[in-house]
**Q** 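What follows is a single structure, and I will ask about it in a moment.
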Amino acid sequence: MTDILSIDRATKRRGKQLTLDGVSLSLAAGERVALLGHNGAGKSTLMKLILGLTSLDGGEIRVGGTKPGSNAARLATAFLPEAVSFHKSLTGRDQLGLFARLAGVGMTPVADLLERVGLADAADRRIGTYSKGMRQRLGLAQVLLGKPAVALLDEPTSGLDPISRMELYAIIDELAAQGTAVLVASHALTEVEARTDRIAILRKGRLVANDTLASLSRRAELPTKLRIRARAGEADRIAADTGGQRVNGASVELLCTPEAKMDQLRRFAAMSDAVEDIEMTPPRLEDLYRYYAQEDAQ
Amino acid sequence: MIGRILAIARTEALIVRRNRWVFLATLIMLLFALALTFAGSAPTGTLGVDRLTVAVASMTTLSVYLAPLLALMMSFDSIAGEADRGSLALLLSYPAGRGEILAGKYVAHLSALAFAMIVGFGTAGAIAGATGGASPESVTALLRLIGTSILLGAVFLAFGYMLSGLAGSPAAAAGLSAALWLVFVVLYDLGLLGAVVVDSGGYFTQHIFPWVLAANPADAFRLWNMAASPDVALATGMAGVSASLPAWAAPVSLGFWLVAGFVLARMAFRRLEP
């Protein structure tokens, strides 16, 4: 697999502080990668570097083999800034038309794209009358112009209602299916969890994780939570036997490592006289994120 | 490249038209030009020139104030506003260079300004000529006034872009533009006037003052129109200064500021990190 976007030990200084410290990350065509991190972790700086809007202090970035900021790289890259806004006097069609002309694809795809993001009815209204979600969808429409090789989406779900979020992820899937490498910076962890192939986590300018969700959870060895609902009066005995924690009267909660999980399950299955039900919660992205992104981890 | 400049110019033209900027600028030019033409028509007889000449003289004084003002008001928001909205980063992620973006905006704003000047001064001049007589000389003076007003506006458009690129926010850009206007159009002349009064006809007044005056694009504009038309100079009472300078001084000054303004604007824009 060839990498359409390759970032090699990218370093960026702001004054004396390192905003990005030797970050290496690659995206192959059609890959969807979530970029997570606290505010100020360097997500937006990384995107600006990929776009060539600011210069590197060390390392190298290649977009489709070319330097960021070159015409070829700009043509290959689509960008959705965080909370984007446009001139209020222009209509959605004017604004998208400008981008289409700059991208060299002409006005032909504009009407279809406005339709695709649900702005067909508002196409000839001024952007000043748009809601935040509509502006965000207009921003999304310009990402779809001209089949980009790389799409950088900075907090694309901010300001979107749940239905629009679903549509956004459908569009991301569509982009990936046509071969676009998609890098999504997001705070909406639960959505990212289901909708991306790989997760990269930045902490204070360093890449602290870059793998699939499954591998990350294996490496973090975060415990799986078992919740056992006991038959009447048996909860205390189960808690005492297994060292679990009594919760809400009839249930016992127990944390176990991924390796010990099957042994524990067999044990409870054998206690069919005392156990009514077992509920199993594997570690969620939130737990993983906390594990990797927090100061005291590792 | 031309295609991208035109795409940006087209969009900016839509914005100035929808903002009613073209309409307002034209209206302001027209009203002031008409008012001055008729208010200033009284001394026609005493000076022995036709009404159009007097009108051009009045409109020259008007344009010194209005052309820079309209130009700065059109341009101050153009970069700072985009940066503020977050659309500058997006625009720069497209294959449009910063020079192309600047050129596109310039084409649109200059066209709007030129339209206002041509309609405003043209109409007032036509009415003055029709009611009070005109001559080939005074028609040439009117055409020169329109052309140099557009050039003066072009200089201050470039200044506006420069300030817009330097200022961190649209509000700061507006403040800087107002200050720049005040300095070039009002304070500079006041300062020189004070110096001339103190000097009372000495070496400074005779040899340095005209050059210092010509170095200011707004005054260069005034001098150009005076020097080229003795009648207009007579009507504005600036015959003395324009006579002591070579004819090329004022055009060179305006030309220099036009290029310098654009270079400075380009440099300010290059420094800007969206």
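Every value quoted in this text rests on a predicted model; they were computed, and no experiment measured them. Below, read A as the first sequence line, B as the second, and so on, with proteins coming before strands; counting in each chain starts at 1.
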**Q** Quick one: does any side-chain atom of A:Glu31 pair with a main-chain N or O of A:Val182 as donor and acceptor, under 3.5 Å?
**A** no
**Q** Does B:Ser164 reach the main-chain N or O of B:Tyr161 with its side chain, forming a donor-acceptor pair under 3.5 Å?
**A** no
**Q** State yes or no: are the ring centers of B:Trp257 and B:Phe159 separated by less than 6.0 Å?
**A**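 Yes - the distance between ring centres of B:Trp257 and B:Phe159 falls below the 6.0 Å cut-off.
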**Q** Is chain A contacted by the side chain of B:Ile8, its backbone, both, or neither, given a heavy-atom distance below 4.5 Å?
**A** both
**Q** Which answer fits B:Arg17, side chain, backbone, both or neither, if we ask what part of it has an atom under 4.5 Å from a heavy atom of chain A?
**A** neither
**Q** Measuring heavy-atom distances to chain B, does A:Leu145 have an atom under 4.5 Å in its side chain, in its backbone, in both, or in neither?
**A**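 A:Leu145 touches chain B through side-chain heavy atoms alone.
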**Q** Does A:Arg126 come within less than 4.0 Å of A:Asp94, counting only side-chain N to carboxylate O?
**A** no
**Q** Side chains of B:Arg144 and B:Asn225: donor-acceptor distance under 3.5 Å anywhere?
**A**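 No.
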**Q** Which bit of A:Gln142 comes within less than 4.5 Å of chain B, counting heavy atoms only: side chain, backbone, both or neither?
**A** both
**Q** Just checking B:Tyr94 against A:Phe79, ring centres under 6.0 Å apart?
**A**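 They do not qualify: ring centres at least 6.0 Å apart.
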**Q** Which residue out of A:Leu51, A:Thr91, A:Asn71 racks up the most heavy-atom pairs below 4.5 Å with chain B?
**A**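 The answer is A:Asn71.
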**Q** Could you check which of B:Gly86, B:Gly81, B:Gly97, B:Ala96 has the highest count of heavy-atom pairs closer than 4.5 Å to chain A?
**A** B:Ala96
**Q** Shorter than 4.5 Å, heavy atoms on both sides: which option in B:Thr11, B:Leu90, B:Leu91, B:Asp84 has the most such pairs with chain A?
**A** B:Leu90
**Q** Go through the atoms of B:Arg98 and report whether side chain, backbone, both or neither lie under 4.5 Å from a heavy atom of chain A.
**A** side chain
